[in-house]
Protein chains: 2
Amino acid sequence: MRKTKTPPPAESVAAARAAEYKAAVVRENRRITSYDVAIVAGVSQSAVSRCFKPGASVSKSTYARVMNAAAGLDYIPNAAARSLITRRSNMVAVVISHVANLYYPEALAELSQQLTRRGKRVLLFTIPQETDVEPVLGDIWQYQVDGAIIAAALTDEQVQEFERRQLPLVVFNRNLHGRTVSSVLCDQYESGRLLATRLAAAGHRRFGIIAGPETSAVANERRDGACDRLRELGLPPPVVVPGQFDYASGARGLRDIIARLGDTPDAVICGNDVMALGCLDLARHELGIDVPGSMSVAGFDAIEPASWLSCNLTTLRQPMHNMALAAADLLTSMIEAHGNHTVEKRMFAPQLVVGSTARLLPPEGNSLAA
Amino acid sequence: MRKTKTPPPAESVAAARAAEYKAAVVRENRRITSYDVAIVAGVSQSAVSRCFKPGASVSKSTYARVMNAAAGLDYIPNAAARSLITRRSNMVAVVISHVANLYYPEALAELSQQLTRRGKRVLLFTIPQETDVEPVLGDIWQYQVDGAIIAAALTDEQVQEFERRQLPLVVFNRNLHGRTVSSVLCDQYESGRLLATRLAAAGHRRFGIIAGPETSAVANERRDGACDRLRELGLPPPVVVPGQFDYASGARGLRDIIARLGDTPDAVICGNDVMALGCLDLARHELGIDVPGSMSVAGFDAIEPASWLSCNLTTLRQPMHNMALAAADLLTSMIEAHGNHTVEKRMFAPQLVVGSTARLLPPEGNSLAA
DNA sequence: TTGTATGCGTTATCAT
DNA sequence: ATGATAACGCATACAA
């Protein structure tokens, strides 16, 4: 039994040592900790900790040795342990309703991107209805998130609980009137008014409105905006029928409106694009109504299919990208502020997307006199 | 100064005591801990801990006192501290590409729902491209998730790192051929074959294929399935053009195919529904092609707009609900197994959705002879 | 059933 | 720049 003639290079010796050490740790059913790295690297545990803290004071040589050992051991700092002492989890709760994500996946995608860019992880909660926030609140408290972005309906008590717990909260696209809570939103009421204004200016008189679910604040504001504006303009009250934000609701809604009116309306304002497309398709393909020749259809949201050739819907766009950006900014600044929460509402204006499903100009050579 | 004549009821005394205690804690800038609850309730800290552990042995009276104190103090167990000792975070990482969520929000919504139902929180990671998993892996290790569901492309090394770290992994809708990793998927290759088979049986001979991005394994398998099957049937090789899974790609793809073929193809197979609809709209509304009279169009996914009247696309549905269910089941069982990971692949068959954009029967009274 | 004591893996404070 | 030591908030083995 002789010793090996050619000793392996120092590097691989270190690697072998790390591998051996690691195997032992695994055998004991422990996890690799900063303490283990310290032993392998021949430094103190606090030195290891510092190496993983950006901007800490460590000499180049220790840093190198620690990083080598860490790599050999597959060491990664434990976020749970860290957050325990720093009181920062770098996680943000995002709450969105199931249906909202189905219809506007852009909202979640943008939020996730913006938060990630700011070094926050997203703890996602999808809820069946936008009024079902309560069950997830417990989780939000437990998981020590640094803040929350909620795109759902909150009660006064719920908002107050966030305050009580000093947890930064941004309400997304939900107008909590009179409540002192930071929020980012698109002006839904004004959206409704805008559509009514433009359609009325083009000479439409008999309006149908396919509203959204009663539980949806967004839907209600759109409807109210349109109704209020029509009343202001002295037009006959629109026929308002309910809907569930889905395609079928759009078709059903149009049938209901026609039944109640005894005739085709001049224009139909739909609570969202999905319903508008349901309404549009029924009108064109089943009822043979000329859109926009004898009836106009408009929606809200500017979802992608609305822009497709076969649809080319006239609708209102919510500037999702900027809204997500604003929400992420607002929340992170609240988190940095560390308790001095400055409440702020950021309201964005909708953008009219002119499609070919609504006539927005007065009929040619036709005075508006009845 | 006399004492109050009517002493407040015991309950409110307790409440007042809790409120006072809480104020003190807040003043010291501490958090409410199980220790605080113990003091207010007059029990030990471990008793408090037990009260929050379902199925622990606590007397009814202690439980009541603890819960009262906890309520008064707004106490909630700290998940980070808990996971530190239990080695369970009850969080699951879900990785999905940005575009995937835009096109199939259903996948994420279903996964989130199923995981929540099983008591797991979702730590969401959205990545720009499905090949960009690497940057999020570090976060996954750090955050001590109990497992991960990844709907993106993984390299061998990446899969091995999951194994090395003993982290349960389920790959969603991505076929990692030959790699021993649990996965849930829909048979994309077979989907491609199926579409080719049915269209060929109806007499289509000159095929165009609008493929998806080269980086998308799903897209490639659909394309390969179709191509292979057409070759088997002895049909002329299809004209294959690339696409990016978006609406514009569908239109551009059809133009390219027609240019390369010098004529309208008999059938176009599109890598997903969004492109299929882009192709369909161009054909009908710009090129005036009769679909399905003189050309058939089919896609994959059965996204919602595909079912709308104006589209009524012939496509293949992936049973998303069952797939999400399977993924959640698979992952949770791996987590329970505690290291004895049994690798399993669950492959689902696609379902043909017969729309009106593809002729699936031979033309009437027409022999197939050229 | 209840309480005592210990450890989970990290950061932060304070010397040196 | 580095190391010893004390938290962070909880769960669990063990003793009572």
Side-chain angles (χ1 to χ4, degrees), chain A residues 25-26 28-67 69-70 73-91 141-146 165, chain B residues 22 25-26 28-67 69-70 73-90 141-146 165:
Chain A
V25 169
V26 170
E28 297 171 39
N29 195 28
R30 294 197 300 109
R31 292 176 172 182
I32 299 284
T33 72
S34 57
Y35 190 70
D36 298 311
V37 178
I39 291 178
V40 172
V43 299
S44 77
Q45 182 270 337
S46 19
V48 177
S49 176
R50 275 191 287 263
C51 288
F52 284 90
K53 176 180 177 167
S57 81
V58 209
S59 77
K60 253 198 172 315
S61 76
T62 16
Y63 182 83
R65 289 164 63 198
V66 165
M67 283 318 191
L73 295 171
D74 285 325
Y75 168 77
I76 296 271
N78 183 321
R82 167 181 291 163
S83 82
L84 203 53
I85 185 146
T86 59
R87 297 187 170 195
R88 276 278 159 86
S89 63
N90 287 323
M91 294 193 300
W141 315 143
Q142 277 204 29
Y143 276 83
Q144 311 297 118
V145 295
D146 295 340
R165 294 181 183 275
Chain B
K22 192 184 170 192
V25 170
V26 170
E28 297 173 39
N29 196 26
R30 295 197 301 110
R31 292 177 171 180
I32 299 284
T33 72
S34 58
Y35 190 71
D36 298 312
V37 177
I39 291 178
V40 171
V43 298
S44 74
Q45 181 268 332
S46 43
V48 176
S49 175
R50 276 190 286 263
C51 288
F52 284 90
K53 177 180 176 167
S57 81
V58 210
S59 77
K60 251 197 173 320
S61 76
T62 335
Y63 182 83
R65 287 164 65 199
V66 166
M67 283 319 191
L73 295 172
D74 285 324
Y75 168 78
I76 297 271
N78 182 321
R82 168 181 291 164
S83 83
L84 203 54
I85 185 155
T86 60
R87 298 188 170 197
R88 277 279 160 86
S89 64
N90 288 322
W141 314 142
Q142 277 205 28
Y143 276 83
Q144 311 297 117
V145 295
D146 295 340
R165 295 180 182 274

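Numbers restart at 1 for each chain; the letters A, B, ... are given by sequence-line order, proteins then strands.
To the nearest 0.5 angstrom, A:D36 atom CG is 10.5 Å from A:Q45 atom CD. Atom OG of residue A:S34 and atom CZ of residue A:R82 lie 10.5 Å apart, to the nearest 0.5 angstrom.
For A:R165, the salt bridge (Lys or Arg N to Asp or Glu O under 4.0 Å) partners at least two apart in sequence or on another chain are A:E161. Residues forming a side chain to side chain contact (heavy atoms under 4.5 Å, CB included) with A:S89 (at least two apart in sequence, or on another chain): A:S83, A:M91, A:D146. Among residues two or more places apart in sequence or in another chain, the salt bridge (Lys or Arg N to Asp or Glu O under 4.0 Å) test is passed with B:R31 by none.
Boundaries of the chain B contact region on DNA chain D are D:dG9 to D:dT12, first to last in 5' to 3' order (nucleotide atom under 4.0 Å from a heavy atom).
Summary for the helix from C:dT1-D:dA16 to C:dT16-D:dA1: the axes at its two ends, each from 5 pairs, differ by 30° when rounded to the nearest 10 degrees.
With a 4.5 Å cut-off on side-chain heavy atoms, B:R87 and A:N29 count as touching. Using a 4.5 Å cut-off on side-chain heavy atoms (C-beta onward), B:F52 and B:M67 make contact. Residues B:D74 and B:I32 have side chains not in contact (no heavy-atom distance under 4.5 Å, counting atoms from C-beta outward).
Heavy atoms of B:S83 sit nowhere under 4.0 angstrom from any nucleic acid atom.
Not a single donor-acceptor pair under 3.5 Å links the side chain of A:R30 to the backbone N or O of A:V25.
Heavy atoms from other residues, nucleotides or ligands lying under 6.0 Å from OH of B:Y63 number 12 at most.
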Problem - Protein-to-nucleotide contact annotation, 5' to 3' order, nucleotides 6-15 of chain C [B base; S sugar-phosphate only; - none; under 4.0 Å, heavy atom] - result: -BBBBBB---
